[in-house]
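For reference, the structure is listed below as structure tokens.
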Protein chains: 2
Amino acid sequence: MPLDSKTLCLGALDAGYNTGYDIRKAFEDGPFQLYQSLSYGSIYPALNALLADGLVTCTEQAQDGRPDKKVYAITEAGRTALRAALLQPLGFDRLRSEFMFALAFAHLMSPGQVSRLLDDYARGYRELAEDLACTDADPPPGRRFLVRLGQEGCLTWARCVEKHRAALEADLTARDPAVAAGAGTGD
Amino acid sequence: MPLDSKTLCLGALDAGYNTGYDIRKAFEDGPFQLYQSLSYGSIYPALNALLADGLVTCTEQAQDGRPDKKVYAITEAGRTALRAALLQPLGFDRLRSEFMFALAFAHLMSPGQVSRLLDDYARGYRELAEDLACTDADPPPGRRFLVRLGQEGCLTWARCVEKHRAALEADLTARDPAVAAGAGTGD
DNA sequence: GCGATATATATCAAGCCAATATAGGGGCTC
DNA sequence: GAGCCCCTATATTGGCTTGATATATATCGC
């Protein structure tokens with residue numbers, strides 16, 4: 001198992017996110033949002049396990065009013081473990097798309113509903129492309145590459161949807177002539 | 001929650017996959033492999049729940065030697081439930097990519113390791129594009145659209161990786177001049 | 001002054017995945 | 001024909017993850 005939640009946390013720490021709260025932001029809005037996700041229920045237990053294994057250190061900072069901040073830092077052993085995990089054979093990408101699954105049943109919907117779905121889907125990827133732009137300044141080479149790749153990929157995917165949607169919409173009206181004619185012309 | 005495992009099973013049944021074993025294949029190698037996944041641990045309980053709710057029917061077929069086959073069929077109520085679930089607001093696509101996460105830490109690897117990662121990554125998408133071609137004959141409009149979209153999307157993504165990789169590899173050697181000069185190239 | 005949002009840690013129920021158990025058939029090698 | 005692996009087929013379980021919730025305070029807009 002190459003990339004469990006402990007490895008993901010080590011990566012976030014190496015990238016400069018040093019509290020549980022910050023790590024979650026890195027996966028929610030930050031540089032990792034495009035290709036990984038991680039929630040509190042995984043992060044806090046993972047940090048405790050990493051601490052027990054000596055792969056991270058923790059210094060508590062008392063703050064005015066706010067709850068104490070636990071600032072974590074990756075150790076040299078941690079960085080070695082991260083490097084080792086990244087070199088193991090990696091599982092291939094897995095996409096979970098409710099939009100695509102819904103579109104697989106376009107024949108069960110009205111053409112108007114399908115068109116709205118396609119609009120929302122393409123727009124979502126255009127918005128995501130913009131979100132990917134605003135990340136940290138001067139990232140390492142790998143993350144610079146991923147920003148460019150992610151932005152172009154999202155825009156290209158949106159364009160691909162817009163390119164092929166006409167064929168789908170034509171297929172649907174061809175199957176349901178009543179819609180094409182605008183009135184009940186029979187089947 | 002729009003697309004839980006019960007909804008996914010209803011969809012697979014509507015698409016003509018009518019046993020638990022078959023449904024899994026639809027998500028493993030079949031038309032849904034690109035955008036959803038579902039395992040036995042979800043499928044069998046979901047089918048039981050759907051049966052209890054009257055959204056599917058089940059007829060047991062005794063077979064020579066082999067265990068009895070439970071053939072499920074979606075009911076009209078089931079198709080209505082499927083339609084209703086697909087029209088609820090859908091969550092946006094979520095990608096889980098171990099390759100991209102690993103590449104985010106390219107600065108922790110040797111250039112050779114990064115190059116191999118990029119090779120494997122692009123090749124994986126080219127192979128996936130081929131796998132997507134062999135699906136069932138004469139699919140409904142939505143799935144025809146998704147096949148075209150999926151194939152073009154995978155190929156485009158592979159090309160996008162290959163287009164941007166040179167910049168990454170240049171960045172990495174610029175950071176580590178020893179590698180550029182050819183001295184002590186540890187792999 | 002009031003609700004909304006942000007900081008920050010932590011836990012829990014519900015759900016899901018990967019692995020395993022069970023069981024017979026077909027095909028392959030030696 | 002013995003051993004072995006893969007395919008069909010259903011079912012269960014352990015362990016992990018998500019999403020929601022609890023707690024406590026500060027700041028910001030209005």
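Reminder, nothing fancy here: chain letters follow the sequence lines and each chain counts from 1.
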Write down the distance between [atom1] ([X]) and [atom2] ([N]), rounded to a whole number of angstrom.
X	N	atom1	atom2	answer
N48(A)	dA10(C)	CG	C1'	10 Å
D29(A)	dT5(C)	CG	P	15 Å
R24(B)	dC7(D)	CZ	C1'	12 Å
Y72(B)	dA9(D)	OH	P	13 Å
I23(B)	dA9(D)	CD1	C1'	13 Å
I43(B)	dA18(C)	CD1	P	11 Å
D22(A)	dA10(C)	CG	P	15 Å
Y44(B)	dT20(C)	OH	P	18 Å

Could [X] and [Y] be called an ion pair, given the rule that one side-chain N must be under 4.0 Å from one carboxylate O?
X	Y	answer
K69(B)	D22(B)	no
R126(B)	E130(B)	no
E152(A)	R159(B)	no

Axis bend over the full length of the helix from dG1(C)-dC30(D) to dC30(C)-dG1(D), computed from five pairs that close each end, to 10 degrees | 40°
Please enumerate all protein N or O atoms sitting under 3.5 Å from an N or O of nucleotides 16-18 of chain D, with distances to 0.1 Å.
{"unit_1": "dT17(D)", "atom_1": "OP2", "unit_2": "S5(A)", "atom_2": "OG", "d": "3.3"}
{"unit_1": "dT18(D)", "atom_1": "OP1", "unit_2": "S37(A)", "atom_2": "O", "d": "3.4"}
{"unit_1": "dT18(D)", "atom_1": "OP1", "unit_2": "R96(B)", "atom_2": "NH2", "d": "3.3"}
{"unit_1": "dT18(D)", "atom_1": "OP2", "unit_2": "S39(A)", "atom_2": "N", "d": "3.4"}
{"unit_1": "dT18(D)", "atom_1": "OP2", "unit_2": "S39(A)", "atom_2": "OG", "d": "3.2"}
{"unit_1": "dT18(D)", "atom_1": "OP2", "unit_2": "S42(A)", "atom_2": "OG", "d": "3.1"}

Cationic tip of R24(B) above Y40(B) ring, under 6.0 Å, 45° of axis | yes
Cation-pi check, R96(A) to Y35(B): give yes when NZ or CZ is under 6.0 Å from the six-membered ring centre and within 45° of the ring axis, no otherwise.
-> no
Please list, chain by chain and in numerical order, all residues satisfying salt bridge (Lys or Arg N to Asp or Glu O under 4.0 Å) with R123(A), sequence neighbours excluded.
-> D120(A), E127(A)
Start with the C-alpha distance between F92(A) and Y125(B), add both sets of side-chain angles, then the distance that settles ring pair (Phe, Tyr, Trp, His ring centres under 6.0 Å), and finish with yes or no.
-> CA-CA 9 Å; F92(A) 197 66; Y125(B) 269 101; 4.9 Å; yes
Pairing residues for N48(A) by the side chain to side chain donor-acceptor pair (under 3.5 Å) criterion, not counting sequence neighbours =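 N48(A) satisfies side chain to side chain donor-acceptor pair (under 3.5 Å) with no other residue.
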Return the set of residues passing side chain to side chain donor-acceptor pair (under 3.5 Å) with Q151(A) (not counting sequence neighbours), or none when no residue passes.
->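 Here no residue qualifies.
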Counting only non-hydrogen atoms, which of residues 12-21 of chain B are less than 4.0 Å from DNA chain D?
->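 The stretch gives T19(B), G20(B), Y21(B) as the residues lying under 4.0 Å from the strand, ordered by number.
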Here the gap from Q36(A) atom CD to S5(A) atom OG, rounded to the nearest 0.5 Å, amounts to 11.0 Å
